[in-house]
Amino acid sequence: MDLFEYMRTANMEKEAPLAARIRPATLEEVVGQQHIIGKDKLLYRAIKADKLSSLIFYGPPGTGKTTLARVIANTTRAEFTQINATVAGKKDMEEVVKKAKDTQGMYGKKTILFIDEIHRFNKGQQDYLLPFVEDGTIILIGATTENPYFEVNSALISRSVVFELKPLSTEDIRALIERAVYDREKGMGAYDAVIDAQALDFLADLAGGDARAALNAVELGIMTTQRSEDEKIHITLEVAQECIQKRAVRYDKTGDNHYDTISAFIKSMRGSDPDAAVYYLARMLYAGESVTFVARRIMICAAEDVGIADPAALQVAVNASLAVERVGMPEAQIILSEAAMYVACAPKSNACVSAIGEAMQTVAQTGNLPIPVHLQDAHYKGAAKLGRGTGYLYAHDYPNHYVNQQYLPYELSGKEFYHPSGNGYEVKVREHMRRIKQEAKGNQTI
């Protein structure tokens, strides 16, 4: 490193945001995530022993993924290299791999490669890493806010240990804020700031488990607040409210809150409550949820909970899914709200779910029962000589386009899977099926 590079690095560290400057250097300084870095936990022991395998850290922003990577960098004897997938490409990885091979060959040292936002790499870029992770040239540490089981190459996942980081508790955030305000070495203690208890509680609560959001608010408050008569900077509740203009929504695409919200959304549509359905839809969209994900859930609900009680519900849901892909936000929210409210207001039936569930269970129990000969294909070569299709009754030749005929395997004769409900269009379906069967009683049965 030359003098200019040294000065540039020093200035960057000095002028870095508070959240970066106060980042812990050791495991003992890390706040939260005790479910994975407690003293009896695997990750703690692996870091302390410097015996790491490839890792994937995933969780919401501000929960400490990069922090844990930096702690590893400070404690490992291996060479540590960091890249960010938002700006790095294959050439950068090739350089890392080349250097790793040289380091291993000349000094016998392993190389840890930390890739922030690893989900931003495409499949080809992720595939490039595979052989070098496999042969131990590099130890991969990936950080992602997206579910790695969807966004990271399955081969990389199989060669890594996945650790999920949870949103920090209010108590954790409170401890970090106090450290930031009063720590003179890494924090802003030199400014002689004081944070009121109400402001501390307010920021800890509104951060929504995101340490970075809380620390950014603290830094903004201290840097923009005038000193009082006692020559101290007082972070009051009013100052704290100004520093966070918008409540941080506790919603991430991999954590419990994500699943709780989508669960409430689906159950509201199933329960015929359009007001609750559109409310939870708004929460998801406000938090930046993918419109295609929401559209898929509406389609599933339309089939699962409405079904043939209103066949148009699935049409509305499918059309909404196609429309939001073409329109995009913010107009897509109108399309999704129309579809969600339609499904919520539609008559409900889960008869389709029951039918396919019972049919699947029957198949699992009985296996491939012989298909009645008269239903078998008579068109392929030699089928006629084998009697395939013999005796089949063409439904359109009979009144109501229906004829009594054995369609199920004979072993399941009389078995019923579909039981139309008494709701919506299924009332007509049930009456129609009853009528045509009754009128067809005199027809030939085989």
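Being a predicted model, the structure only gives us computed values, none of them experimental.
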Judged by modelled atom types alone, do S263 and K267 share a side-chain donor-acceptor pair under 3.5 Å?
yes
Within a radius of less than 6.0 Å around CG of N368, do more than 12 heavy atoms belonging to other residues, nucleotides or ligands occur?
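12 or below, so no.
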R212 atom CZ: more than 12 heavy-atom contacts under 6.0 Å:
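No, not enclosed.
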Using only atom types and a distance under 3.5 Å, with no angle test, would you say the side chain of [X] pairs donor to acceptor with the backbone of [Y]?
{"X": "R159", "Y": "A155", "value": "yes"}
{"X": "Q126", "Y": "F121", "value": "yes"}
{"X": "N423", "Y": "K348", "value": "yes"}
{"X": "E151", "Y": "E146", "value": "no"}
{"X": "D196", "Y": "Q198", "value": "no"}

Looking only at heavy atoms, the pair that brings P311 and I308 closest together is CD-O, 3.4 Å
Minimum heavy-atom distance Q125-R120, with the two atoms named:
OE1-O, 4.4 Å
Got [X] and [Y] here, is their nearest side-chain heavy-atom distance under 4.5 Å?
{"X": "H234", "Y": "T225", "value": "no"}
{"X": "T63", "Y": "K65", "value": "yes"}
{"X": "L314", "Y": "V306", "value": "no"}

Yes or no on side chain to side chain donor-acceptor pair (under 3.5 Å) for E426 and Y418, after CA distance, side-chain angles and deciding distance?
CA-CA 11 Å; E426 281 194 325; Y418 177 46; 2.6 Å; yes
Thinking salt bridges, do K48 and E28 make one under a 4.0 Å N-O criterion?
yes
Salt-bridge present (D102, K109; N to O < 4.0 Å)
no
